[in-house]
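Naming: A, B, ... by sequence-line order, numbering from 1 per chain.
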There are 2 protein chains.
Amino acid sequence: MTTIYDIAKLANVSPMTVSRVINNTGKIKDSTKQRVEHIINELGYIPNSAARSLISKKTKLLSLILTDITNPFFTKVARGAEDKAMELGYQILLSNSDEDPVKEAAYIDMVLSTRVDGVLITPTGDDTVNELNRLTKHQIPAVLLDREIKNFSGDAVIGDSYEGSRKLVEHLISLGHNRIALINGPAAISTARERHRGYVETMESSGFPIVNNYISNINYKTDNTQNIIQTLFSLPENERPTAIFAANNFIAVRTIQALDSFGFRVPNDVAVVCFDEIGPIDNFNPFLTVATQPAYEFGQIGIQLLIDRIEKEGAHQPNKIVLPPKIIIRQSSVTNVD
Amino acid sequence: MTTIYDIAKLANVSPMTVSRVINNTGKIKDSTKQRVEHIINELGYIPNSAARSLISKKTKLLSLILTDITNPFFTKVARGAEDKAMELGYQILLSNSDEDPVKEAAYIDMVLSTRVDGVLITPTGDDTVNELNRLTKHQIPAVLLDREIKNFSGDAVIGDSYEGSRKLVEHLISLGHNRIALINGPAAISTARERHRGYVETMESSGFPIVNNYISNINYKTDNTQNIIQTLFSLPENERPTAIFAANNFIAVRTIQALDSFGFRVPNDVAVVCFDEIGPIDNFNPFLTVATQPAYEFGQIGIQLLIDRIEKEGAHQPNKIVLPPKIIIRQSSVTNVD
DNA sequence: ATGAAAGCGCTAACAG
DNA sequence: CTGTTAGCGCTTTCAT
């Protein structure tokens, strides 16, 4: 491996001069500069970032901790994050927590030993506050993505789950539904709380009762919905829900599959709506009615906030960016739509 | 930031003893070990990997260079790669080349300066051989993913594009099609060459002519298919293709969109088949007939090969793993299928 | 079983 | 404009 010492020797200068040429600092005679640069190119020399990090305490590495990149929402987040990071000279370390606090903690360990400059994270739940505190203790800035956390104030990029929720429920109500079930994420996750709030308030303001049996909480990514669907549809026909609000795309898919397994068709027997698209290509799967969120921007803005926090001196106020959802009406809720 | 010196001072030992405790090397008296470990936990000390890398010349970092993680095939590859890497104690740096050799080269630069231990890469084309040679020059192992490269022999995980291609075309022929168009990727990419070969040989062995106008090459990810579709369907009705073999999922989507814009319906007017799923959830979008590839395994195996190469002493023979595709028949080619 | 010295590759601080 | 010295945090080597 060639080092600045090799270059220095060949160029008859000190290593320090080589360093100056590489970093474009200080004043170097043009001829020396040329000579050094020529040798650098000749040998294909590339600075060792470990050595640099040791001094600068910066790695130009960021950690992106998502629950699962396989979820199209997070796929696009990752793409936005990567693009912005690259643009600003950083690289991204990817991790999937799978909604599992144990995996999440293990990743924070790695993050800490890799000494990344910052972390953009979708926390698994409110308890993630402990991991965030570990980061803070080591002065590693973190930005929350998609989910806020109780007892933690810091930068965040989130969607407007309350608003999206209201609009989805209003849409269902406008179609004549009033027995609407909510299959939600865990109450320890802010998006689930907000979607619940949107659901409840919209139902109430439309004068419909909140039926507790209609509301359930499951894991956003793993739990299946068989039991829930079975229970809901064992009710007498005039008490069954006519529509289901699935809190996210994965829950929606599992819900539709469960419905299918019991012989119920969407939307003929039941209408289904949810948050976020189920595929990477917008408007290509013309099936699910969704509250879609600008995932790519989540990633971009998240990284931008993070890098601002890293590079800008002084502790400025926490920045909270709220990105609005967009309702797209498709066949899973109405039959007569393209 | 706490260092082994801080620990050493508090434990009344030398830094070397602390290092030994951390790495579990040498013989340490149990009592000293306990004492040191206690203080380590107390302070929440975590070793600085930059310092370690400087000595060991290892970073425990791998680079994953894909064309676009937004493509569900690569999304799953990334997931498989990340899982396997984590399991083996490595972290993954994610990059998207967007099929652009310039971006690809820029990423290789970063890779080189970050001193990753290895690279798993989907090359943009045969010219990527130059970038791979740069890696080799710096003794950084690389494993090819999904695509092989002319004039480069090394480890690779690829699919059987020829076989998948044959089966897709055979499927179309069995449905009575013989005017089948191929919208392929660039000839500089091995998968495109193999898919072309599978198409040509299957057509010929079935006694059908190869119509040159039916074959076109475009970028896997960016070029649109408007012109191609327009040209094909300006032909007299009895010369138009009745089926289209799109070489990958993204081309298929753009093809269907283009067909749609000209008022042609799939599969009623034209059958469409392609490689790889268009969504992350298998069997949920019951539309496209595809040759699907085990993307998750691509990632897992790729990382496994890479780490073997990194950790196993001695230069063993290049390892080439070929993963078979699976044909899934859906509505884009036949109307009477679930 | 433990420690001291040296050095990995680079740059900040100071000298000239 | 260029060089010298020291040290980032850790581990290897050699002593004890």
Side-chain angles (χ1 to χ4, degrees), chain A residues 1-40 43-61 110-117 138-140, chain B residues 1-40 43-61 110-117 138-140:
Chain A
M1 193 84 309
T2 56
T3 73
I4 49 171
Y5 283 82
D6 304 323
I7 313 277
K9 213 166 293 173
L10 289 172
N12 275 312
V13 293
S14 78
M16 200 50 226
T17 301
V18 178
S19 172
R20 289 195 179 98
V21 170
I22 292 164
N23 297 291
N24 222 336
T25 53
K27 262 115 204 13
I28 311 281
K29 208 202 300 172
D30 236 29
S31 64
T32 346
K33 189 171 173 179
Q34 309 275 300
R35 191 153 34 96
V36 171
E37 276 173 343
H38 181 248
I39 296 173
I40 286 177
L43 300 193
Y45 164 84
I46 294 192
N48 180 324
S49 21
R52 282 179 161 176
S53 296
L54 200 52
I55 301 168
S56 69
K57 273 107 175 61
K58 296 284 171 220
T59 54
K60 291 284 178 178
L61 256 29
M110 293 192 100
V111 153
L112 250 20
S113 82
T114 312
R115 298 287 203 274
V116 300
D117 293 345
H138 290 267
Q139 338 237 43
I140 299 182
Chain B
M1 191 85 311
T2 58
T3 72
I4 49 170
Y5 283 84
D6 304 323
I7 314 277
K9 214 165 289 173
L10 290 172
N12 274 313
V13 292
S14 78
M16 201 47 229
T17 302
V18 178
S19 173
R20 289 196 179 95
V21 170
I22 292 163
N23 297 291
N24 221 335
T25 54
K27 262 119 206 11
I28 310 281
K29 210 201 301 173
D30 236 29
S31 63
T32 3
K33 189 171 172 178
Q34 309 276 299
R35 191 155 33 98
V36 171
E37 276 172 345
H38 181 247
I39 295 172
I40 286 176
L43 301 193
Y45 165 82
I46 293 191
N48 180 325
S49 24
R52 284 180 159 176
S53 297
L54 200 52
I55 301 166
S56 69
K57 274 106 177 63
K58 296 284 171 221
T59 53
K60 292 283 178 179
L61 256 29
M110 292 191 100
V111 153
L112 251 19
S113 83
T114 311
R115 297 290 202 271
V116 301
D117 293 345
H138 290 266
Q139 338 237 45
I140 300 182

Tell me: [atom1] of [X] to [atom2] of [N], nearest whole Å?
X: I7(B); N: dT2(C); atom1: CD1; atom2: P; value: 16 Å
X: K58(A); N: dG9(D); atom1: NZ; atom2: C1'; value: 17 Å
X: K27(B); N: dG3(C); atom1: NZ; atom2: C1'; value: 18 Å
X: N12(B); N: dA1(C); atom1: CG; atom2: C1'; value: 16 Å
X: L54(B); N: dT11(D); atom1: CG; atom2: C1'; value: 11 Å
X: K57(B); N: dT12(D); atom1: NZ; atom2: P; value: 12 Å

Below 4.0 angstrom from OP1 or OP2 of [N], is there any side-chain N or O of [X]?
X: T3(A); N: dG9(C); value: no
X: T17(B); N: dG3(C); value: yes
X: S56(B); N: dC10(D); value: no

Partner set under side chain to side chain contact (heavy atoms under 4.5 Å, CB included) for A11(A), not counting sequence neighbours: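 Side chain to side chain contact (heavy atoms under 4.5 Å, CB included) check on A11(A) returns V13(A), R35(A), V36(A), I39(A).
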
Heavy-atom closest contact (A50(A) atom, L54(B) atom, distance):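 The answer is CB-N, 4.2 Å.
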
Minimum heavy-atom distance M1(A)-D6(A), with the two atoms named: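 It is O-OD2, 3.7 Å.
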
Residue pairs, two or more places apart or on separate chains, that pass salt bridge (Lys or Arg N to Asp or Glu O under 4.0 Å) and touch residues 44-61 of chain B: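 Listed by first then second residue: K60(B)-E311(B).
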
Pairs touching residues 24-34 of chain B that satisfy salt bridge (Lys or Arg N to Asp or Glu O under 4.0 Å), sequence neighbours left out: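 Sorted result for residues 24-34 of chain B: empty, none.
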
Touch class at under 4.0 angstrom, heavy-atom based, for K29(A) against every strand present: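 It contacts sugar-phosphate atoms only.
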
Spatial distance of atom CG (N12(B)) from atom OG1 (T32(B)) [nearest 0.5 Å]: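 Output value for this atom pair is 11.5 Å.
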
Separation of S19(B) OG from I28(B) CD1 (nearest 0.5 Å):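 The distance works out to 9.0 Å.
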
Would you call [X] and [Y] a side-chain contact if the rule is heavy atoms closer than 4.5 Å?
X: L61(A); Y: L61(B); value: yes
X: V21(B); Y: V18(B); value: no
X: I4(B); Y: Y45(B); value: yes
X: T114(A); Y: T59(A); value: no

Contact list for DNA chain C against residues 30-39 of chain B - heavy-atom distance below 4.0 Å: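 Contacting residues: T32(B).
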
Residue met sooner reading DNA chain C from 5', once G26(B) and R115(B) are mapped to nucleotides: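 Counting from the 5' end, the first nearest nucleotide belongs to G26(B).
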
Axis-to-axis angle between the two ends of the helix from dA1(C)-dT16(D) to dG16(C)-dC1(D) (five base pairs per end, rounded to 10 degrees):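 Comparing the first five pairs with the last five, the axes sit 40° apart.
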
Contact letters for nucleotides 11-16 of chain C, in which S counts primed atoms plus P, OP1 and OP2 and B counts the base, heavy atoms under 4.0 Å: BBBB--

